[in-house]
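What follows is a set of notes on a single structure, which appears directly below.
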Amino acid sequence: MLIAATLAIFVAMLLAIFRGIAGPTLYDRILAVNMFGTKTVLLISLLGFVMGRPEFLDIAIVYALINFISVIGVLRYSDTDQFKHRQSNDKPTEKEL
Amino acid sequence: MEILLSITSGLFLFIGSFLCISGGVGIIRFPDFYTRMHAAGVTDTLGSAMILTGLMFQSGDLLVFAKLVMVLLLILLVGPTTSHVLAKAAFHNGLLPQGLNTLSKSDDKEDTSSNT
Amino acid sequence: MINIVLLSLLVVIAIAIIRMKDLFAVVMLTGIYGLLSASFFVAMDAVDVAFTEAAVGAGISTLLMLVAITMTGRKEKVTRHKPFAALFIVLITGGLLIYGTLDMPLFGSADAPIHSHVAPRYLNDSMQEIGIPNVVTSVLASYRAFDTFGEVVVIFTAGIGVLALLFVPRRKEEDEKIASINDSMHEHHLVIRIITKMLIPFILLFALYVQFHGDYGPGGGFQAGVIFSSAIVLYTMLFGLSTARKVINQGFIQLMAAFGVLFYGCVGIASLMNGGNFFDYNVLSDDPVAGQHLGILLIEWGVGVTVAAIMIIIFFSFAGRRELQQHSENNKNRESL
Amino acid sequence: MLMGLFNNWVVIVLMMSGLYIVIAHGNLIKKLVGLTIFQTSVFIFYISMAKVNGGSAPILSENISLYSNPLPHVLILTAIVVGIATTALGLSLVVRLKESYGTIEEEEIQRQDNQQNQALNKERDK
């Protein structure tokens, strides 16, 4: 069951990466990073149990904290004039890709 | 007792995995940012809670159990907060949900005036 | 098995980074890249490294890059500088390197040359010689303490460099004007303010736990320093730079950065004075193992103080520069209106 | 064989992606991102060398006998923190370049430099 849960997390991570690459708006990417961070916390907790030494959960705690900090930071600094009202400008850049 | 614990744990892990995958599908398939955020935000928190609870049944050690509880508390505290802030920031910065496009004209005007 | 999945995801992200033109998306992907590589480190048993990468790669480095692109512009120009020549060089080099790997020992084999020289001694004897279970910490802080000293000095020097490049001397009357433009997060985000107030003490406490628990589990001065500084960074982002500077005086932080390095060096001098070699902690106390414990505790403390202080200095410098730029832009806008 | 060297090959692919970004892209921030990818590939190389099949994390415990090699972990742990410090130094250089040149594209900076040099040379000739 642990292995199955790990695989499920991998699938969710893959889907989050797709959303992170595809965009289209800035907030989709932030959402993808946030979701990816939560999945990483889960993955690390699960990996501890899969590998038989679950006492290293400190790393998962750090992840949960740092993930919060980085999302807040991203929102804080995307709040500037340069990034505002970019909805219309965002789409052409995606077509360029 | 052992069997009961592992069955309960497996059940929780299964629900959690299902929620995680459905959240992943949601973030890919939904049409605009706000619906995607709805999918990701809800399943993220609930799925994590389920998986961590499932792991708690297997922990066996008090320290590991305590750490799992701590991770769970953090996720319960942080997950909804980030979703809230993300949605708020997106709305404030002029990203409109699908079907509300009529409002965007006034937004564009504001944009040009602030850029000059 | 897990490592193959993680590495494939890393390659996908690296290729996506090459193709992206929007620097914001690139920075977001770098964040995911950091998270992924840290999961890989956990799968490879390198828990201490994963700890560091978690705090650094996913948090601070993403934030610094983001602050930098808010100052330098978000879009990359499309023009490429001789892409085919570059591709040619890259393919040739990569091909040669792959040819080189054919003689490498296979992944995970226990008889690879790397496992045959000093590693067995560290694993077998460190419990008697140093007396702490985390071998990584005992190698870092005792066997290779001189090396770590060098690394700490490098971090210190880089911090001084950033300070020299970005430091803005400010007058008091300007200070208030600049502060007045930059508290938007403070004003409008009530929920996040309360949650942050709840979290910051916890983060600081957790940093101290990581600092002192480094002997028995993953952790140590480097990780603790970064986690401590990220709490301060969180505070700065929410309440504005000038408020944060009132809480933590910049001069004091600079003093602490220098103090940490000096403290580290002094432990080495103290062991010289007591008749041992540089960083030979056995002589610090009557009992060699107790001496080692004392030495590692002191050294990790020095490392933690320096790393935390340097990270805070770096973030303050970037944020201060950004505030100054915004201030001058606002002035320009006002004049043009 | 294929599985045994897979890690090394991924490291090389990542390293070359980083190198390609550094060579082919003119944007200085993108170059720094390329350097970060390059750096991380080296970290991955070291850490995957340290792994021993069936081993465990190098934190001694009574009922475990096989551990992974701790030495590369030590080297990489410090290298990560040094890496972020040097990246910050690079970013601050980029910020200063943007302030004095108004752009962070390598070619435009080069062009501005050339123009300045030509102007200086002309003045000297006069």
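Within every chain, numbering begins at 1; the chains are lettered A, B, ... in the order of the sequence lines, protein sequences first and strands thereafter. Predicted model only: the values in this text are computed from it and were never measured.
- One finds the NE2 atom of C/H115 at 10.0 Å from the NZ atom of D/K51 (value rounded to the nearest 0.5 Å).
- The shortest distance between side-chain heavy atoms of D/I84 and C/M311 falls below 4.5 Å.
- The minimum heavy-atom distance between C/T72 and D/I29, with the atom names listed, is OG1-CD1, 3.7 Å.
- Between the CG atom in C/L64 and the CG atom in D/L91 there is a gap of 6.5 Å [rounded to 0.5 Å].
- Only the backbone of C/A43 comes within contact range of chain D, with at least one heavy atom under 4.5 Å from a heavy atom of that chain.
- Annotation: maximal heavy-atom pairing with chain D below 4.5 Å, among C/T148, C/I17, C/V27, occurs at C/I17.
- Chosen from D/G34, D/S48, D/G18, D/P72, the residue pairing most often with chain C at heavy-atom distances under 4.5 Å is D/S48.
- Residue D/V95 touches chain C through both its backbone and its side chain, counting heavy-atom pairs closer than 4.5 Å.
- For chain D, the nearby parts of C/D48 are the backbone and the side chain; heavy atoms of each come within less than 4.5 Å.
- Using a 4.5 Å cut-off between heavy atoms, C/P120 does not touch chain D at all.
- For the residue pair C/T101 and D/N8, no side-chain donor N or O sits within less than 3.5 Å of a side-chain acceptor on the partner.
- At a 4.5 Å heavy-atom cutoff, the contact between C/L23 and chain D is made by side-chain atoms alone.
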